[in-house]
Amino acid sequence: MPELPEVETVKEALNEKIKGLKIKSFELYYEPMIKGISPQLFKEKIQNQTVQSLSRRGKYLIFHLDDYYLLSHLRMEGKYFYEGPDSELAPHVHAIFNFFNNDQLWYQDVRKFGTFHLYEKTVNLEEMPPFQVLGVEPFSEQFTDSYVKERLQNKRKPIKSLLLDQTMVCGLGNIYVDEVLFRAKVHPLTQSFKLTEQEIKDVVKYTVEVLDCAIKLKGTTIRTFSSQHGVSGTFQNELRVHQRKDETCYECKTVIEKIKVGGRGTYYCKLCQPQK
DNA sequence: AGCACTGTTTACAT
DNA sequence: TATGTAAACAGTGC
């Protein structure tokens, strides 16, 4: 569930559930998910730490502990489950936070792509991997037409690839990029430097609008098996092109096409988003 | 049955 | 340097 709106939704849910809870122990069943530090050290450091709050940067979830920032990326399939003491362990749970109140937080990830980083709170997170390459937040005042215009200069890759790349603006993934480009009426293969001022303006506008709407709807739930306990948002009802191959465009009735852009499945309307 | 696909990022190739 | 591709992994769907 991991584009910005889904991570934001998880953040909100976890803030309700685990804020103020103290970690009694940490169980880890897939060591490669811990980055930049040994799994043993990771366990030792977070033991007896209290969760002060959670925040989000791009698609990263940040646990603010007493002395550390714990960064969690859900990648393709990562999910959190807050469970009581007697729950029967679900499949694909790779990490468990045990709290002193005897409840537990599971990290489940079928594909094992998710990652944890741990940093002392004394560091400047923005300078640390993986944040040091992250672009601006879509809801920040830094995300402006002129900023995007400058960053598009002499970029020869397709606009879709550039928006998926997290180094200009962070938080967009495959679903929301397709939806933003449809609303901005820009063909996904358009070379980035060729966007007109108006198109740039619309891409910025709809990036904010689509993400904001998706957050209000608590994200998108597709591939339904994934939504059992976790987040079940309703933005899937707002999708205009994504996953609508061979269905007709709501605007013009043209059949939605699916192509590959930068290796990612890409949905668009060839009439509403003409290639120039 | 086998292969291509999947809400992501990175390391490495060219 | 900038852009493109493969790889990490497991499950689903054609």
Side-chain angles (χ1 to χ4, degrees), chain A residues 1-11 29-36 56-61 71-80 90-95 107-117 128-135 151-181 188-194 210-211 214-215 217-228 230-239 241-246 258-267:
Chain A
M1 10 166 197
E3 301 182 43
L4 186 151
E6 291 73 27
V7 178
E8 181 71 21
T9 303
V10 172
K11 182 203 83 179
Y29 300 104
Y30 184 68
E31 297 198 339
M33 70 175 299
I34 309 290
K35 302 298 179 186
R56 179 195 58 72
R57 173 84 169 95
K59 301 174 190 172
Y60 289 85
L61 200 55
L71 277 43
S72 167
H73 197 299
L74 277 32
R75 295 287 180 107
M76 302 288 269
E77 310 242 11
K79 292 165 196 70
Y80 281 101
H92 309 297
V93 172
H94 307 307
Y107 177 75
Q108 183 200 51
D109 189 344
V110 169
R111 291 177 71 183
K112 299 181 176 173
F113 287 170
T115 59
F116 285 157
H117 288 78
M128 312 302 291
F131 283 6
Q132 91 281 19
V133 295
L134 271 193
R151 295 290 297 247
L152 291 187
Q153 305 286 342
N154 59 47
K155 283 282 191 292
R156 307 201 74 80
K157 58 169 144 184
I159 184 61
K160 163 143 184 181
S161 301
L162 194 121
L163 291 173
L164 279 179
D165 184 336
Q166 303 293 295
T167 61
M168 178 177 78
V169 58
C170 61
L172 289 169
N174 206 34
I175 294 179
Y176 296 115
V177 167
D178 282 357
E179 295 300 311
V180 167
L181 290 176
L189 281 172
T190 309
Q191 287 296 308
S192 299
F193 72 95
K194 286 190 178 170
V210 164
L211 291 176
I215 289 171
L217 297 179
K218 300 192 180 302
T220 301
T221 307
I222 56 179
R223 315 164 81 126
T224 47
F225 67 88
S226 70
S227 64
Q228 296 173 5
V231 183
S232 59
T234 54
F235 191 81
Q236 62 273 18
N237 301 325
E238 308 298 318
L239 298 177
V241 286
H242 193 83
Q243 289 226 327
R244 297 197 63 242
K245 175 174 149 66
D246 295 336
K258 183 182 183 186
I259 57 173
K260 279 244 192 247
V261 180
R264 309 297 303 276
T266 298
Y267 302 83

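In this structure, the side chain of Arg56(A) engages the main chain of Gly58(A) through a donor-acceptor pair within 3.5 Å. Judged by distance alone, with hydrogens and angles left aside, the side-chain atoms of Asp178(A) form no donor-acceptor pair with the main-chain N or O of His242(A) at under 3.5 Å. Remark: side-chain polar atoms of Ser192(A) are paired, donor with acceptor, to backbone N or O of Lys157(A) under 3.5 angstrom.
If you check every strand for non-hydrogen atoms under 4.0 Å, Asn154(A) touches sugar and phosphate atoms only. Using a 4.0 Å heavy-atom distance criterion, Pro32(A) is classed as making no nucleic acid contact. No engagement by Gly114(A) is indicated, since no non-hydrogen atom pair under 4.0 Å with the nucleic acid exists. Within the nucleic acid shown, His94(A) has no heavy atom closer than 4.0 Å to any nucleic acid atom. Tyr30(A) comes within contact range of the sugar-phosphate backbone alone, with a heavy-atom separation under 4.0 Å but no base atom that close.
In this model, the phosphate group of dT8(B) is approached by a side-chain N or O of Lys59(A) to a distance below 4.0 Å at OP1 or OP2. Taking 4.0 angstrom as the limit, Lys155(A) places none of its side-chain polar atoms (N or O) nearer than this to OP1 or OP2 of dA2(C). His73(A) has a side-chain polar atom (N or O) that falls below the 4.0 Å cut-off from OP1 or OP2 of dT9(B). At least one side-chain nitrogen or oxygen of Lys258(A) sits closer than 4.0 Å to the OP1 or OP2 atom of dT6(B). Contact annotation: Gln166(A) does not reach the phosphate of dT8(B) (side-chain N/O to OP1 or OP2, under 4.0 Å). For His92(A), a side-chain nitrogen or oxygen approaches OP1 or OP2 of dG11(C) to under 4.0 Å. In this structure, Lys260(A) reaches the dT6(B) phosphate: one of its side-chain N or O atoms is under 4.0 Å from OP1 or OP2.
Nearest nucleotide to the side chain of Glu3(A), out of dG7(B), dG11(C), dT10(B): dG7(B). Closest to the Glu6(A) side chain, of the nucleotides dG7(B), dA8(C), dT9(B), is dG7(B). With distances taken from any side-chain atom of Lys112(A) to the nucleotides dA10(C), dT10(B), dG7(B), the minimum falls on dA10(C). Checking dG7(B), dT10(B), dC9(C) against the side-chain heavy atoms of Pro130(A) singles out dT10(B) as nearest.
Put simply, CG on Leu172(A) and CG on Leu163(A) are 6.0 Å apart, with the number rounded to the nearest 0.5 Å. To the nearest 0.5 Å, atom CZ of residue Phe116(A) and atom CE of residue Met33(A) are 4.0 Å apart.
The same atom, P, is picked in dT3(C) and in dG7(B); the two are 23 Å apart, to the nearest Å. Comparing the same atom, P, in dT9(B) and in dG11(C) gives a spacing of 22 Å after rounding to whole Å.
Distance Glu31(A) CD to dA8(C) P: 19 Å, rounded to the nearest Å. If you measure from atom CD1 of Ile159(A) to atom P of dT3(C), you get 12 Å, rounded to the nearest angstrom. Distance Gln132(A) CD to dT9(B) C1': 12 Å, rounded to the nearest Å. Between Arg264(A) atom CZ and dT8(B) atom P the separation is 5 Å, expressed in whole Å. Asn174(A) has its CG atom 13 Å from the P atom of dC5(B), to the nearest Å.
The aromatic ring centres of His94(A) and Tyr29(A) sit 6.0 Å or more apart.
Each of Glu179(A), Glu3(A), Lys160(A) was checked for a side-chain hydrogen bond (donor to acceptor under 3.5 Å, both in side chains) with Asn174(A), and the lone residue meeting it is Lys160(A).
Taking a pair as Watson-Crick or G-U wobble with both distances under 3.5 Å, the runs of three or more consecutive pairs in DNA chain C are B:2-6 with C:10-14, B:8-14 with C:2-8.
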From CA spacing to verdict: side-chain contact (heavy atoms from CB on, under 4.5 Å), Leu71(A), Phe131(A): CA-CA 10 Å; Leu71(A) 277 43; Phe131(A) 283 6; 3.8 Å; yes
